[in-house]
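All values derive from a computational prediction rather than experimental measurement. So you know, we letter chains A, B, ... as the sequences are listed, proteins then strands, and number each from 1.
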2 protein chains.
Amino acid sequence: MTKAPSRRGDALSQEKIVEAAIAILDKDGESALTFRTLAKHLATGSGAIYWHIADKTALLAAATDHIMARALTGAGATDPHATIRAMALKIFDTINAHPWLGAQLSGEPWQPAAMRIFERMGHQLHAPGVPEEAQFNAASALSNYILGLAGQYAAAARRLPRGTDRVAFLDNIAAQWMKLDPAAYPFMRRMAVQLPAHDDRVQFLAGIDLILIGIEAAKQT
Amino acid sequence: MTKAPSRRGDALSQEKIVEAAIAILDKDGESALTFRTLAKHLATGSGAIYWHIADKTALLAAATDHIMARALTGAGATDPHATIRAMALKIFDTINAHPWLGAQLSGEPWQPAAMRIFERMGHQLHAPGVPEEAQFNAASALSNYILGLAGQYAAAARRLPRGTDRVAFLDNIAAQWMKLDPAAYPFMRRMAVQLPAHDDRVQFLAGIDLILIGIEAAKQT
DNA sequence: ACCTGAACACCGTTCAAGT
DNA sequence: ACCTGAACACCGTTCAAGT
């Protein structure tokens with residue numbers, strides 16, 4: 001937490017390590033982030049990194065938090081539901097820009113980045129009439145849903161070779177769905193038709209809206 | 001897909017490898033599953049396993065599918081929503097019994113096990129009045145939510161050392177939440193009071209219900 | 001206090017060699 | 001066709017040694 005001031009501007013620091021890690025992750029994906037390559041990028045020895053950061057888990061958590069903290073600042077609308085929708089979309093876009101974030105968020109829900117999401121969602125749900133338990137449940141539902149999407153996205157990014165055409169990619173998946181056993185997978189075969197034209201972002205938001213509608217309806221009871 | 005019939009009952013097979021893998025995963029967790037330990041359990045060489053299964057990813061997927069296929073058979077109630085709730089709880093309980101499933105489901109949503117969940121959810125949503133797009137969105141929302149929970153659970157299992165008392169564990173987390181900065185985390189600090197007494201399973205089902213209510217309400221529009 | 005880089009203890013995967 | 005197990009190419013992490 002405390003930072004010793006360093007004389008030389010080119011000295012190693014948590015900040016610099018995290019930024020280099022993000023650069024590698026963004027460019028070549030999660031599997032490319034190695035203490036050896038990271039050390040090379042920073043022109044230092046691999047052991048030096050351990051003086052500034054505990055281990056790889058901490059490094060990934062710091063990188064995730066570094067980006068999510070920026071993504072979640074501001075973005076406040078007037079009414080709570082609009083704010084929740086705006087935040088959800090912001091998270092979606094951020095994961096889209098940094099696909100490796102998906103695995104981090106869904107796989108380590110107790111790191112600060114995920115906690116921030118939970119807090120912000122819950123904060124918007126804090127209305128006079130709503131019992132605490134309902135708030136807890138609603139915030140959990142929204143977080144689970146968003147973190148679930150994060151996982152899906154991470155998997156998609158892993159699957160999608162860099163630079164592949166998105167439309168071709170979806171066509172490909174739709175074709176695979178069509179090859180499924182009609183008796184066992186009627187629903188997915190029906191949805192395969194819609195898949196290539198569907199918009200992930202819109203569908204994601206539709207899910208948020210379902211939950212928000214549910215929250216609203218539950219209040220009336 | 002095709003299996004060559006083997007003479008000797010003690011011969012290696014996909015089935016036997018998968019079952020041994022599940023035994024290791026259940027007993028000692030994901031990090032304990034190694035081709036070396038697996039080979040030792042099966043009294044064979046580590047290379048032999050590759051004759052029956054492509055790689056570790058395929059092994060984990062096969063193990064996940066092996067358990068989820070059993071978990072999802074039957075379990076049909078009369079009306080769709082009751083069936084969805086029953087399925088969701090069944091999935092919850094299965095992940096609870098095999099925590100390593102969580103990481104698999106949330107991290108690899110295109111493996112057969114996750115597709116099965118999506119299919120079954122969608123199948124229940126297939127009602128005359130509902131447009132295809134709404135069905136797609138609803139099934140996605142439910143799947144995302146369930147897979148999101150799976151990730152949370154996997155993380156919890158990783159965090160919870162084997163044999164730790166559950167109540168003490170939740171107390172511990174609540175205490176950590178209370179240590180958060182009151183200005184930045186008011187919601188989580190408020191929820192910390194509820195955390196030790198709260199029931200994961202009930203809360204999970206409450207989220208499913210929010211989505212189901214949302215789906216129902218959206219139909220009326 | 002901070003950095004170096006060889007060394008350690010692992011991995012998943014391959015493959016020549018066996019039966 | 002199936003199995004063996006040494007070997008390969010990696011990892012994250014540690015630590016004596018430097019400055």
Fill in: Contacts of A/Arg189 that satisfy salt bridge (charged side-chain N to carboxylate O under 4.0 Å, His left out) - sequence neighbours left out
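Salt bridge (charged side-chain N to carboxylate O under 4.0 Å, His left out) check on A/Arg189 returns nothing, list empty.
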Please name all residues satisfying side chain to side chain contact (heavy atoms under 4.5 Å, CB included) with [X], sequence neighbours left out, ordered by chain then number.
X: B/Ala32; value: B/Ile24, B/Asp28
X: A/Pro196; value: A/Asp171, A/Ala174
X: A/Ala206; value: B/Asn137

How many whole angstroms separate atom [atom1] of [X] from atom [atom2] of [N]?
X: A/Lys40; N: C/dG5; atom1: NZ; atom2: C1'; value: 13 Å
X: A/Leu12; N: C/dG5; atom1: CG; atom2: P; value: 13 Å
X: B/Trp51; N: D/dG5; atom1: CH2; atom2: C1'; value: 19 Å

Discussion item. Which helical stems does DNA chain C take part in, if a stem means at least 3 consecutive Watson-Crick or G-U pairs with both distances below 3.5 Å?
Written reply: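 Detected stem regions: C:4-8 with D:12-16, C:12-16 with D:4-8.
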Item to complete: Kindly state each residue pair satisfying salt bridge (Lys or Arg N to Asp or Glu O under 4.0 Å) with at least one member in residues 135-148 of chain A, sequence neighbours excluded.
Response: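 As it turns out, there is no salt bridge (Lys or Arg N to Asp or Glu O under 4.0 Å) pair with a partner in residues 135-148 of chain A once direct neighbours are skipped.
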Item to complete: Give every residue pair that meets the salt bridge (Lys or Arg N to Asp or Glu O under 4.0 Å) criterion with at least one member in residues 58-74 of chain B, sequence neighbours excluded.
Response: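 For residues 58-74 of chain B, and leaving out neighbouring residues, the salt bridge (Lys or Arg N to Asp or Glu O under 4.0 Å) pairs sorted by first residue read B/Asp65-B/Arg116.
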Under 3.5 Å donor-acceptor pairs involving side-chain atoms of residues 176-184 of chain B, not counting sequence neighbours:
residue  : atom : partner  : partner atom : Å
B/Asp181 : OD1  : B/Ala183 : N            : 3.2

Fill in: Residue pairs fulfilling side-chain hydrogen bond (donor to acceptor under 3.5 Å, both in side chains) with at least one residue in residues 31-42 of chain B, sequence neighbours excluded
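For residues 31-42 of chain B: none.
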Worksheet item: So which of residues 103-113 of chain B are in contact with DNA chain D, with a heavy-atom cut-off of under 4.0 Å?
Response: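 By residue number: none to list.
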Worksheet item: Which pairs count as ring-ring contact (aromatic ring centres under 6.0 Å, His included) when at least one residue sits in residues 47-71 of chain A, sequence neighbours excluded?
Response: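 Passing the test, one end in residues 47-71 of chain A: A/Phe35-A/Tyr50.
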Discussion item. Looking only at the aromatic ring of each residue, does the gap between the centers of B/His198 and A/Phe136 stay below 6.0 angstrom?
Written reply: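 Ring-ring flag for A/Phe136/B/His198: true, centres closer than 6.0 Å.
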Worksheet item: Reading nucleotides 6-19 of chain C 5' to 3', which nucleotides get B (base under 4.0 Å from a protein heavy atom), which S (sugar-phosphate only), which -?
Response: B----BBBBB----
